[in-house]
Chemist: 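What follows is a single structure, and I will ask about it in a moment.
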Amino acid sequence: MSRLIPGVLAMAAIVVASNILVQVLLGQWLTWGALTYPFAFLVTDLMNRLYGPATARKVVLAGFVTGILCSLIGTQIQGEFGPLVTWRVALGSGLAFLAAQLTDIVVFDRLRGGRWWRAPLASSIAGSALDTALFFSIAFAASLSFIEPGNDVSWANEALPLLGLGPTVPLWVSLAVADWGVKLALVVIALVPFRLIVGHLRPRLA
């Protein structure tokens with residue numbers, strides 16, 4: 001049980017912080033939550049490397065429950081344009097988190113015998129890609145409007161150049177591409193603390 005506590009607390013802190021910071025814009029394509037959420041993959045990978053996939057899944061479940069609570073609270077808070085969290089966003093957020101983190105665990109476990117950086121890098125890239133694809137499509141794609149018919153997502157489907165430069169796509173696609181770009185950058189950056197933390201704790205656990 002003691003091995004779970006640091007992971008659960010870290011995951012819960014990241015999920016809560018991300019749910020708050022996602023309400024604050026960072027430029028045209030991002031929110032501040034994009035800078036905190038990817039570290040959930042670091043926590044999952046650390047728990048997987050140090051204690052194994054079963055422990056990592058328990059930490060992910062704790063993060064999932066925390067995310068559900070944050071989303072439920074957000075649906076009850078009225079912002080300028082309605083609830084801070086719509087049911088589509090809540091559903092997309094929960095499903096994306098769970099699917100992405102569990103995928104991360106599976107990929108990491110299959111690669112754990114290779115060079116130290118392969119498992120965290122490959123698993124986080126796979127997980128972050130799935131997370132971004134699921135969340136933005138469930139939350140904003142016009143083709144999935146039946147999920148919450150009363151939720152107007154026309155703003156997210158406005159046709160604009162990709163990231164202001166590329167081919168014309170729905171706005172939510174640009175948001176997704178920008179989000180994934182940040183995730184990829186932080187996945188690489190997170191290899192440094194991953195290596196340092198594992199190197200520091202591994203001898204103590206041996």
Chemist: Measure centre to centre between the rings of Phe194 and Trp117, then say whether the value is under 6.0 Å.
Modeler: no
Chemist: Give the minimum heavy-atom separation between Thr36 and Ser18, together with the two atoms involved.
Modeler: OG1-OG, 2.8 Å
Chemist: To check you understand the geometry: which heavy-atom pair defines the closest contact between Ser71 and Asn19, and what is its length?
Modeler: OG-OD1, 4.3 Å
Chemist: Cluster partners of Val192, using ILVMFWY side-chain heavy atoms under 4.5 angstrom, listed by chain and number?
Modeler: Leu196
Chemist: Which word best sums up how the rings of Phe64 and Phe97 line up, parallel for under 30°, tilted for 30 to 60°, or perpendicular for over 60°?
Modeler: parallel
Chemist: Is a donor on one side and an acceptor on the other found under 3.5 Å between the side chain of Arg57 and the backbone of Leu102?
Modeler: no
Chemist: Who passes side-chain hydrogen bond (donor to acceptor under 3.5 Å, both in side chains) against Glu148, sequence neighbours left out?
Modeler: Asn151
Chemist: Taking Trp32 as the starting point, is it possible to reach Val15 by hopping between hydrophobic residues whose side chains are less than 4.5 Å apart?
Modeler: yes
Chemist: Is the shortest side-chain heavy-atom distance between Thr31 and Leu25 below 4.5 Å?
Modeler: yes
Chemist: Once you round to the nearest 0.5 Å, how far does OG1 of Thr86 lie from CG of Asp152?
Modeler: 11.0 Å
Chemist: Grab the two heavy atoms, one from Gln28 and one from Leu175, that are nearest each other, plus how far apart they are.
Modeler: O-CD2, 4.2 Å
Chemist: Taking transitive links into account, so neighbours of neighbours count too, which hydrophobic residues share a cluster with Val16 at under 4.5 Å side-chain distance?
Modeler: Ile20
Chemist: Could you state the interatomic distance from CG (Leu46) to CZ (Phe39), rounded to the nearest 0.5 Å?
Modeler: 11.5 Å
Chemist: Are Val8 and Tyr51 connected in a single hydrophobic cluster, I mean Ile/Leu/Val/Met/Phe/Trp/Tyr linked by side-chain heavy atoms less than 4.5 Å apart?
Modeler: yes
Chemist: Do Leu144 and Arg88 come within less than 4.5 Å of each other through their side chains, counting heavy atoms only?
Modeler: yes
Chemist: Gly92 and Phe135: which non-hydrogen atoms are nearest, and at how many Å?
Modeler: C-CD1, 3.6 Å
Chemist: Report whether Phe146 and Ile138 are members of the same hydrophobic cluster (ILVMFWY, side-chain heavy atoms less than 4.5 Å apart, transitive linking).
Modeler: yes
Chemist: Applying side-chain contact (heavy atoms from CB on, under 4.5 Å), run through Gln23 and Val85 and close with a yes or a no.
Modeler: CA-CA 9 Å; Gln23 305 296 331; Val85 179; 4.3 Å; yes
Chemist: Heavy atoms only: give me the nearest Val43-Gly7 pair and the separation to one decimal.
Modeler: CG1-O, 3.7 Å
Chemist: What are the two closest heavy atoms between Leu134 and Leu95, and how far apart are they?
Modeler: CD1-O, 4.2 Å
Chemist: Scan for side chain to side chain donor-acceptor pair (under 3.5 Å) pairs involving residues 160-178, sequence neighbours excluded, and state none if there are none.
Modeler: Asn157-Trp172
Chemist: State whether a side-chain donor-acceptor pair under 3.5 Å links Ser128 with Trp180.
Modeler: yes
Chemist: Any side-chain heavy atom of Arg110 sitting closer than 4.5 Å to one from Ser123?
Modeler: no
Chemist: Does Met11 reach the side chain of Thr44, with side-chain heavy atoms less than 4.5 Å apart?
Modeler: yes
Chemist: Give every residue pair that meets the salt bridge (Lys or Arg N to Asp or Glu O under 4.0 Å) criterion with at least one member in residues 171-187, sequence neighbours excluded.
Modeler: Asp131-Lys183, Asp179-Lys183
Chemist: Counting only N and O atoms by type, is there a donor-acceptor contact under 3.5 Å from the side chain of Arg118 to the main-chain atoms of Gly113?
Modeler: no
Chemist: When hydrophobic residues are tied together by side-chain contacts of less than 4.5 Å, even through go-betweens, does Val22 share a cluster with Phe41?
Modeler: no
Chemist: What distance do Asp45 atom CG and Leu50 atom CG have between them, rounded to the nearest 0.5 Å?
Modeler: 10.5 Å
Chemist: Given side chains that start at C-beta, do those of Leu191 and Trp116 come closer than 4.5 Å, heavy atoms only?
Modeler: yes
Chemist: Not counting sequence neighbours, which residues clear side-chain hydrogen bond (donor to acceptor under 3.5 Å, both in side chains) with Ser93? List them please.
Modeler: none
Chemist: Transitively linked via ILVMFWY side-chain contacts under 4.5 Å: Val173 with Phe140?
Modeler: yes
